[in-house]
Amino acid sequence: SRASAADTLVVMEDGVIVRSGAGRQYRPIVTLSEKAELKVSSRIFEGQDGKWYKVIAPVKGRRTVGYINAADNVRI
């Protein structure tokens, strides 16, 4: 099925890192715990090191745009 803007990404293990851009060269902005749920874009971003999901992550009480590697232990 085609993803919609309101899709949810679920983190399946502790330690999944949200980065400021679509690549490991970008700084980590938050580390997530298992069962965290984030809104995710339907678009997949291509980085130098694979595919990345664009998410809205909670950072210091604010919603911040970030990126999670598609190879990490997450599901949509």
Side-chain angles (χ1 to χ4, degrees):
S1 69
R2 182 96 182 113
S4 70
D7 277 349
T8 300
L9 177 144
V10 181
V11 176
M12 304 305 289
E13 67 181 352
D14 289 342
V16 169
I17 297 171
V18 180
R19 294 189 180 271
S20 61
R24 295 194 196 283
Q25 73 272 29
Y26 292 95
R27 69 182 174 83
I29 54 175
V30 67
T31 301
L32 302 171
S33 300
E34 183 180 2
K35 297 191 173 98
E37 295 187 3
L38 298 94
K39 295 295 180 198
V40 62
S41 169
S42 59
R43 185 174 159 211
I44 302 290
F45 291 78
E46 289 283 350
Q48 291 178 337
D49 38 19
K51 294 176 168 46
W52 293 78
Y53 296 121
K54 183 178 181 181
V55 298
I56 302 295
V59 180
K60 296 179 182 159
R62 299 178 64 183
R63 292 184 303 198
T64 304
V65 174
Y67 296 82
I68 293 175
N69 192 286
D72 286 346
N73 194 0
V74 297
R75 68 178 168 83
I76 295 177

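The shown structure was predicted, so the numbers you read here are calculated from the model rather than taken from an experiment.
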For the CZ atom of R27 and the CZ atom of R19, what is their distance to the nearest 0.5 Å? 11.0 Å
Pairwise distance NZ(K39) to CD1(I56) - rounded to 0.5 angstrom: 10.5 Å
ILVMFWY network linking [X] to [Y], side-chain heavy atoms under 4.5 angstrom:
| X | Y | result |
| --- | --- | --- |
| V40 | I44 | yes |
| V11 | I76 | yes |
| L38 | V59 | yes |

Is a side-chain donor or acceptor of D72 paired with a backbone partner of V74 at a separation under 3.5 angstrom? no
Nearest heavy-atom pair of [X] and [Y]: which atoms, and what distance?
| X | Y | result |
| --- | --- | --- |
| V30 | A57 | CG1-CB, 4.0 Å |
| E34 | D14 | N-OD1, 2.6 Å |
| N69 | D49 | ND2-O, 3.4 Å |
| T8 | E37 | CG2-CB, 3.7 Å |
| P28 | I17 | CB-CG2, 3.6 Å |

Would you say R24 has more than 12 foreign heavy atoms packed within less than 6.0 Å of its CZ? yes
Should R75 and L9 be marked as a side chain to side chain contact (heavy atoms under 4.5 Å, CB included) after you check the CA-CA gap, both sets of side-chain angles, and the distance that decides it? CA-CA 6 Å; R75 68 178 168 83; L9 177 144; over 6 Å; no
Only one of W52, Y26, F45 forms a ring-ring contact (aromatic ring centres under 6.0 Å, His included) with Y67, so which one is it? F45
